[in-house]
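Data block below; observations after.
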Protein chains: 4
Amino acid sequence: MNDAQPVKKTSRIQLRNRKLILEAALEVFSQHGYRGATLDQIAVEAGLSKPNILYYFDGKEDIHVTLLNQLMDIWLAPLREIDPQGDPLKEVLRYVQRKLEMSRDLPRESRLFANEVLQGAPRMVPHLETVLKPLVDETATLIKRWVAAGKLAPVDPRHLLFSIWATTQHYADFDAQVQVLMGDAPVYEGASAHLDRMFRRLLAP
Amino acid sequence: MNDAQPVKKTSRIQLRNRKLILEAALEVFSQHGYRGATLDQIAVEAGLSKPNILYYFDGKEDIHVTLLNQLMDIWLAPLREIDPQGDPLKEVLRYVQRKLEMSRDLPRESRLFANEVLQGAPRMVPHLETVLKPLVDETATLIKRWVAAGKLAPVDPRHLLFSIWATTQHYADFDAQVQVLMGDAPVYEGASAHLDRMFRRLLAP
Amino acid sequence: MNDAQPVKKTSRIQLRNRKLILEAALEVFSQHGYRGATLDQIAVEAGLSKPNILYYFDGKEDIHVTLLNQLMDIWLAPLREIDPQGDPLKEVLRYVQRKLEMSRDLPRESRLFANEVLQGAPRMVPHLETVLKPLVDETATLIKRWVAAGKLAPVDPRHLLFSIWATTQHYADFDAQVQVLMGDAPVYEGASAHLDRMFRRLLAP
Amino acid sequence: MNDAQPVKKTSRIQLRNRKLILEAALEVFSQHGYRGATLDQIAVEAGLSKPNILYYFDGKEDIHVTLLNQLMDIWLAPLREIDPQGDPLKEVLRYVQRKLEMSRDLPRESRLFANEVLQGAPRMVPHLETVLKPLVDETATLIKRWVAAGKLAPVDPRHLLFSIWATTQHYADFDAQVQVLMGDAPVYEGASAHLDRMFRRLLAP
DNA sequence: CATGAATGAGACTTCATTCAT
DNA sequence: CATGAATGAAGTCTCATTCAT
């Protein structure tokens, strides 16, 4: 009957509320995980009623998936910024620092992602395969070329990436433990220096 | 809270069933997280009835806490095995390999722990402070001594430990992602060589 | 309740939209029943927005009642057409055929009505008493007169009407079952012949 | 792990409560339809708590399906009792009376069935095809044989069955309307006589 | 030691209706 | 005349826990 697609005009309010909800959901999901989070919490955090949340999203899972997909773009940005024309060592070390900054500035995003992968990434495997894998493959090729050209010490590109991700995100994901062990001491300054030295020593040709 | 411990005579069956339950709970909790896990799943996995589970433990949380505390002993064993009299570089590199082996052989334990810390370690902070922190402080002192003696390259001991934990546990905690990116390629062989080189370069004086 | 009728100027658009809504509601109500139908479905079916629907009707129930009342007029038309001056047998048999045709051509109306009566006709009893009953009483009197005059075989007029209604509407109301049992065979041709013979034999003096 | 099928020992209580629930559900479903019925109503009617209802059945639909399947057996019993060796006319007329009695004594079952078929029998088509159709096919063959043998007047067996079902069940399904039109007059006596005469005239050879 | 039975609290979701423009 | 936004009430279902044997 009505073939006209209901091209939802995303009005000002629409945009604002969707943002409000996603922001609230990020807070709640990253803290309690998917199952641990409740729509009630998200609604309160967003300052909206529960049914109103469901007016903007199709359900709890829809919010979660939307969040994860949005996240991936932000999350992979630094990897995309590695300049194939740049100085190899400098490029990689800059990537490490960028990742560490993200860990410091966007810890909720890091935890949201960790939560999801930790449970087998049930809602993300497709995305990982279509978006992350090609990008990683490409980066691996680049690093191999750099190694072959003698610009970097020999290293397995994928394990290198794992190490970078693991060490940088650790400060966000395992923050509770870091807090206990570091007390009041500043964390990120030391981390920055430590990681810079570690990866510099690993990769300096 | 309830200090009046019901001095249960721990019979043979008691012990067996407690073990069954904890084993089942490890499986379920590590896969779905605390909130995502249900007593039903644990009961089925353990082959016991739900009320029977609650005969052995005071509730869901009790099982979880017991599991986490038990885990910590296993988890910290390699750290305790570092020999202050041994060769510093060798000792640390051995620790890295031990941790990597644990990640491979006990991934559920790793994920259980990660899940908990990720959510702020609400049920573990006391344990972390009383058990983990002193041990880490002690190890940090040892490493500092080694560094001062010129046996290791200068390094912040705590950030070193973080890097070791992060890189080794990554293979268990982020397994879903590693699988996607590594495909059928063997993972642990490469990881072992990579981490050995990385920490050797970092620490060789 | 609210006697202050909001004397709506029934413009062209008004009329068109009311018709659109009632047509959509007929479709939806007859398929899912009163409780099973939703305003959303009706709105989509009518190509109008939900609040707009409520601009034309006071609520879900209002639409339903309006529909039922409208229906009754159509539904009872054949009964009103029975000609007291006509040939008794011919008149009744023609009525049977007219009802069967309505069952074939207006199955949604039949089901809507059936749905309502099936659930005790909560929204229709008054209408039944004030409109249907007098008409049936009148028709019963007519049939009794015809029987008394020897123009029809002795028959209880009300049970006769029940039988006519039941057998003709069955093809609309129990269509799902008829489909299963008749397969691809044509239904209404056989039904027409069968019912004609049945009521002819019953009533031929 | 546990291969032993959990052969739910249907204890005394189990049996009693399942019966209680089905009885309550029959009452509620037959009155309000599937969608119109609520677990709350069923729970109250059964005198059990809502979660307890769900301890015995997997959900609303499970109750409904169970009810419908049970019903079919009762419902088709009279059809199965038609004796191929008996006197044709007598057998069919007895069937009519048995169906009419069921309409009088089990009106809720009749309405439950009508409700379901009216909405397209979404939960019953398979059952209709595998259970009802073969039985009807068989009966149709029998009737055809009787007609061919001159024991019954020529009649389409399926339309005959439709007419029997329609006219007898009408008194249960359209009871609300029958009540309005018959007032205090006894219904089933007249119906019995009327239907007996109608089908006798139709079928007498 | 063990379990079938039961439930209160709370989770997600639907929907008729109202609000505000 | 029309609609995007919002919500209270209610519905189905889950789950940790308790009861009673």
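Lettering of chains follows the sequences in order, A, B, ..., and the numbering in each one begins at 1.
- Among the nucleotides E:dA16, E:dC1, F:dA16, the one closest to the side chain of B:Gln14 is E:dC1.
- Atoms NZ (D:Lys50) and C1' (E:dG10) sit 11 Å apart, rounded to a whole Å.
- Residues C:Arg16 and D:Asp40 each lie close to DNA chain F; by heavy-atom proximity, the contact nearer the 5' end of the strand is made by C:Arg16.
- Cation-pi geometry between B:Arg123 and B:Tyr34 is met: the NZ or CZ atom falls under 6.0 Å from the ring centre, inside 45° of the normal.
- Looking at heavy-atom distances under 4.0 Å, D:Arg35 makes contact with sugar-phosphate atoms alone, never a base.
- Across the strands present, F:dG11 finds its partner in E:dC12; the criterion is a Watson-Crick or G-U wobble pair with both atom distances under 3.5 angstrom.
- As judged by a 4.0 angstrom heavy-atom cut-off over every strand, D:Ala37 is placed among residues touching the sugar-phosphate backbone only.
- Considering only side-chain atoms of C:Tyr56, the nucleotide from F:dC15, F:dC1, F:dT17 that sits closest is F:dC1.
- In this structure, C:Lys60 contributes its side chain and C:Ala37 its backbone to a donor-acceptor pair below 3.5 Å.
- Residue B:Phe29 contributes atom CZ, which lies 9 Å from atom P of F:dA16 at whole-angstrom precision.
- E:dT21 is paired with F:dA2 under the Watson-Crick or G-U wobble criterion, all donor-acceptor distances under 3.5 Å.
- At whole-Å resolution of the value, OH in C:Tyr34 and C1' in E:dC15 are 12 Å apart.
- Each of B:Lys60 and C:Ser49 was matched to the nucleotide of DNA chain F holding its nearest heavy atom; the match closer to the 5' end belongs to C:Ser49.
- Between the D:Lys50 side chain and the D:Val44 main chain, no donor and acceptor come within less than 3.5 Å of each other.
- Distance from the side chain of D:Tyr55 is smallest for E:dG4 among the nucleotides F:dT12, E:dG4, E:dT18.
- Between the CD1 atom of A:Ile53 and the C1' atom of F:dG8 there is a distance of 16 Å, rounded to whole Å.
- We find that CZ of D:Phe57 is positioned 13 Å from P of E:dA6, with the value rounded to whole Å.
- Counting only heavy atoms from C-beta on, C:Asn52 has its side chain closest to F:dT3 among E:dT7, F:dT3, E:dT13.
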